[in-house]
Amino acid sequence: METPATQIISVLNAYAAAVLDKDVDAFMALYDDEVCIFDLWAEWSYDGATAWRAVVEDWFGSLDNERVVVIFNDVRTIVTPDLAVAYAFVTYRAESPAGIFLRALTNRMSMSLRQKEGAWKIVHEHTSAPADFNTSKVILQRKAVQGV
């Protein structure tokens, strides 16, 4: 039997699988209809699944034959019976169809999820990256942490 914390990890695993498969429907099934997204790119926020679906369709469609492997690191969860929070460092690793590394970026991600009809749905997602104070450029690679 899955614990609430492992159920949230299952959502993250489903997220990674949907991105790898470029499966818009599977990806969007993870989100509540009234989701609010604070994404790192382009807009301040996306309100609702319809707005977020358009972004996801554009993202997956832009990948051509590349694959994106999503890797969650240092995942932490706080889970109550109806509400959960997960936060992690997430790396998006682009690969050729042969699995050859092309590029990668790492973001910080927080998700709020709620139980809806027996399943955990993402109601809020926030991705960010630190900005260099002197240049204002976003830092998309995490520095190595000693001991990790």
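- A search for ring-ring contact (aromatic ring centres under 6.0 Å, His included) contacts involving Y15 returns F27, F72, not counting sequence neighbours.
- Counting Ile, Leu, Val, Met, Phe, Trp and Tyr side chains that sit under 4.5 Å apart, directly or through other members, V69 shares a hydrophobic cluster with L20, I71.
- Scanning for side chain to side chain contact (heavy atoms under 4.5 Å, CB included) contacts around T6 gives E2, T3, with sequence neighbours left out.
- Scanning for side-chain hydrogen bond (donor to acceptor under 3.5 Å, both in side chains) contacts around T50 gives an empty result, with sequence neighbours left out.
- In the hydrophobic clustering, where aliphatic and aromatic side chains (Ile, Leu, Val, Met, Phe, Trp, Tyr) are joined below 4.5 Å either directly or transitively, L102 stands alone.
- Listed by chain and number, the residues in a salt bridge (charged side-chain N to carboxylate O under 4.0 Å, His left out) with E43 amount to none (sequence neighbours excluded).
- By the salt bridge (charged side-chain N to carboxylate O under 4.0 Å, His left out) test, D25 pairs with R53, sequence neighbours left out.
- Contacts of S128 classified as side chain to side chain contact (heavy atoms under 4.5 Å, CB included), with partners at least two apart in sequence or in another chain: R108, H126.
- The salt bridge (charged side-chain N to carboxylate O under 4.0 Å, His left out) check on D32 picks up R114, K116, with sequence neighbours excluded.
- Taking the side chain to side chain contact (heavy atoms under 4.5 Å, CB included) definition, one finds that S62 meets it with W59, sequence neighbours left out.
- With sequence neighbours left out, E95 forms a salt bridge (charged side-chain N to carboxylate O under 4.0 Å, His left out) with R67, R93.
- Annotation for L83: hydrophobic cluster partners, listed by chain and number, are none (ILVMFWY side-chain heavy atoms under 4.5 Å, direct or chained).
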